[in-house]
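Let me begin by presenting the structure, written as structure tokens, before commenting on it.
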Amino acid sequence: MPLNQENQTSALFNKLSNHYGKQNWWPATTKFEMAIGAILTQSTNWNNANKALANLADNDLLSPTHLHQISRDRLSQIIRPSGYYTIKASRIKALASHVYSSYQDDFESYLRQPKEALREDLLSIKGIGKETADAIILYGAEEAMFIVDEYTKRLFSRLGHGPLNKVYDEWQDFFHSTVPKITSVYSEYHAIIVAHCKALCKKTPACHTCFLINECKTGKETLTSC
DNA sequence: GGCCAGGACACCA
DNA sequence: TGGTGTCATGGC
């Protein structure tokens with residue numbers, strides 16, 4: 001008997017989860033660091049973003065106050081390893097100044113808004129798009145908000161699931177209606193999709209364009225083998 | 001030396 | 001609404 005969409009997405013999650021194990025995202029010591037990391041990793045390898053985060057920590061800059069006060073030029077040099085450093089410096093300062101203006105350094109209070117209001121507020125900040133806002137809500141505010149990235153759309157499209165278009169909100173609605181709204185499940189699901197795609201890409205470049213679970217002909221570490 | 005990475009935005013048709 | 005160019009470093 002064929003599985004319905006809800007069961008298919010759950011089945012895929014279980015399959016990936018069993019294969020890759022618990023991911024425990026997001027790697028950060030504070031929620032504010034998590035949010036800054038979300039900007040630094042935009043279209044960037046996490047390793048590079050992490051170097052920029054380390055530089056920020058070394059300069060005691062991981063607080064809204066300090067990032068609000070530092071000049072954009074100085075900040076851009078500190079986060080240089082992350083790439084796109086001038087535009088990211090503007091985005092980080094925009095977030096820090098926005099939070100600082102109402103909450104000073106109490107970022108956790110800022111995150112305690114109702115999640116829909118928080119999302120709308122985050123999206124009003126220049127440089128924070130839907131994916132970054134949802135990452136902050138899921139991993140920072142710890143509210144069940146599914147993150148839709150390019151990997152997710154490509155993987156599910158290739159498997160014949162999800163909307164036929166690339167509209168973010170439609171994809172998010174698809175996951176919200178097929179995956180139980182549990183923060184820990186959404187957290188792991190997103191992390192595991194990334195882990196899966198990175199693992200396939202690393203071992204088998206050919207899989208970079210297919211991302212198929214059962215059609216990875218050249219990779220040794222496919223889900224069909226486990 | 002080329003390709004890619006845990007996006008967002010401005011601009012144009 | 002959808003497609004394209006731009007922003008840039010570091011690892012493989």
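Just so you know, these numbers use all the heavy atoms, side chains as well, and skip hydrogens, waters and symmetry mates. Chain naming here is simple, since letters A, B, ... match the order of the sequence lines and numbering starts at 1 in each.
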Expressed as a whole number of angstroms, how long is the span from [X]:[atom1] to [N]:[atom2]?
X: A:I128; N: B:dG6; atom1: CD1; atom2: P; value: 19 Å
X: A:K51; N: B:dG6; atom1: NZ; atom2: P; value: 14 Å
X: A:N165; N: C:dG3; atom1: CG; atom2: P; value: 10 Å
X: A:K198; N: C:dG11; atom1: NZ; atom2: P; value: 14 Å
X: A:L75; N: C:dA8; atom1: CG; atom2: P; value: 13 Å

Report which part of the nucleic acid [X] touches: base, sugar-phosphate, or nothing (heavy-atom distance under 4.0 Å, all strands).
X: A:K166; result: nothing
X: A:K130; result: sugar-phosphate
X: A:G129; result: sugar-phosphate
X: A:I147; result: nothing
X: A:S82; result: nothing

Task: Test applied, ring-ring contact (aromatic ring centres under 6.0 Å, His included); reference residue, A:F32; option that passes from A:Y139, A:Y100, A:F107, A:Y103 - done: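 Answer after filtering A:Y139, A:Y100, A:F107, A:Y103: A:F107.
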- [ ] Check A:F146, A:W25, A:Y20 against A:Y189 for a ring-ring contact (aromatic ring centres under 6.0 Å, His included) and give me the one that passes.
- [x]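 Result: among A:F146, A:W25, A:Y20, A:F146 is the only option passing the ring-ring contact (aromatic ring centres under 6.0 Å, His included) with A:Y189.
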Any [X] side-chain nitrogen or oxygen under 4.0 Å from OP1 or OP2 of [N]:
X: A:Y85; N: C:dT9; value: yes
X: A:Y151; N: B:dA5; value: yes
X: A:K88; N: C:dT9; value: no
X: A:T86; N: C:dA8; value: yes
X: A:T44; N: B:dG7; value: no

TODO: Kindly state whether the pair A:W25 / B:dG6 counts as stacked, where counting means centroids closer than 5.5 Å and planes tilted less than 30° apart.
DONE: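 Answer is yes, a stack.
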Open item on the list: Using the six-membered base ring of B:dG6, report whether A:W46 stacks on it, requiring centroids under 5.5 Å and planes under 30° apart.
Closed with: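 Yes, the aromatic ring of A:W46 stacks with the base.
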Would you please say whether a donor-acceptor pair under 3.5 Å links the side chains of [X] and [Y]?
X: A:Q104; Y: A:T65; value: no
X: A:S157; Y: A:R154; value: no
X: A:E188; Y: A:N24; value: no

Considering only the [atom1] atoms, how many Å lie between [N] and [M], rounded to the nearest integer?
N: B:dA8; M: C:dG10; atom1: P; value: 23 Å
N: C:dG5; M: B:dC3; atom1: P; value: 15 Å
N: C:dT4; M: B:dG6; atom1: C1'; value: 23 Å

Open item on the list: Reading DNA chain B from 5' onward, which residue's closest nucleotide shows up sooner: A:I125 or A:N48?
Closed with: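 Whichever sits nearer the 5' end wins; that is A:N48.
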Task: Closest to the A:R91 side chain, choosing from B:dC9, B:dG6, C:dG10 - done: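 Looking only at side-chain atoms, A:R91 lies closest to B:dC9.
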